[in-house]
S.K.: 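Can you keep this structure in mind? I'll have questions shortly.
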Amino acid sequence: MSTARLSSGWDALDSASTAPNLDVRELEKRSRLMRILTRRIALSDLPNREIAHRVGMPPQRLSDLLAGKVELFGVEELESLRDSLAPDH
């Protein structure tokens, strides 16, 4: 068993098996969008199930977003969710 450790989270991204074909700029954009979304969800007075229903997303998928599973969401989907969760909606 290997005891080698990654020195940072970015080392994990360098591995082709961990994130094949994932551009760092795209990952940063996804991460930024996810932070915006999680902040808007946290500031809302609605339960997560209601938010998922309003945006047309299964509750488990919303849980994945809140858990930070960035690899499961594309930029376009995150932008669409951001727009649907805009404060004026």
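Just the heavy atoms: all of them, side chains too, but no hydrogens, waters or symmetry mates, feed the values below.
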S.K.: Please name the pair of heavy atoms, one in Arg30 and one in Val75, separated by the smallest distance, quoted to 0.1 Å.
M.R.: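 Shortest heavy-atom contact: CG-CG2, 3.8 Å.
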S.K.: Could you tell me whether the side chain of Lys29 reaches within less than 4.5 Å of the side chain of Leu78, counting heavy atoms only?
M.R.: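 The answer is no, as the side chains (C-beta and beyond) never meet within the 4.5 Å cut-off.
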S.K.: Could you give the distance from CG (Leu85) to CG (Leu46), rounded to the nearest 0.5 Å?
M.R.: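 Here the interatomic distance stands at 9.5 Å.
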S.K.: Looking at every heavy atom in both Asp64 and Met34, which two are closest together, and how far apart are they?
M.R.: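 Closest approach of Asp64 to Met34: O-CE, 4.5 Å.
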S.K.: Do you know the tightest heavy-atom contact between Ile51 and Ser44?
M.R.: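 Where Ile51 meets Ser44 most closely, the heavy atoms are CD1-OG, 3.3 Å.
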S.K.: Restricting to side-chain contact (heavy atoms from CB on, under 4.5 Å), what partner residues turn up for Ser31, sequence neighbours left out?
M.R.: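 Ser31 satisfies side-chain contact (heavy atoms from CB on, under 4.5 Å) with Leu27, Arg35, Val70 once adjacent residues are dropped.
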S.K.: Rounded to the nearest 0.5 Å, how far does CD of Glu79 lie from CD1 of Ile36?
M.R.: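 So the gap between those two atoms works out to 9.5 Å.
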S.K.: Would you please name every residue forming a salt bridge (charged side-chain N to carboxylate O under 4.0 Å, His left out) with Arg40, sequence neighbours left out?
M.R.: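 Not a single residue meets the salt bridge (charged side-chain N to carboxylate O under 4.0 Å, His left out) criterion with Arg40.
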S.K.: My understanding is that only residues two or more places apart in sequence, or in another chain, count here; which of them pass salt bridge (charged side-chain N to carboxylate O under 4.0 Å, His left out) with Arg25?
M.R.: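 Salt bridge (charged side-chain N to carboxylate O under 4.0 Å, His left out) list for Arg25, sorted by chain: Asp23.
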S.K.: How close do Thr38 and Leu65 get, heavy atom to heavy atom, and via which atoms?
M.R.: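 Closest approach of Thr38 to Leu65: CG2-O, 4.1 Å.
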S.K.: What I'd like to find out is whether the side chain of Leu62 reaches to under 4.5 Å of the side chain of Val55, using heavy atoms alone.
M.R.: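 No, side chains not in contact.
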S.K.: Can you tell whether the side chains of Arg32 and Glu28 come within less than 4.0 Å, N to carboxylate O?
M.R.: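 No salt bridge links Arg32 with Glu28.
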S.K.: Considering non-hydrogen atoms only, spot the tightest contact between Glu77 and Phe73 and give its length.
M.R.: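 It is OE1-CD2, 3.6 Å.
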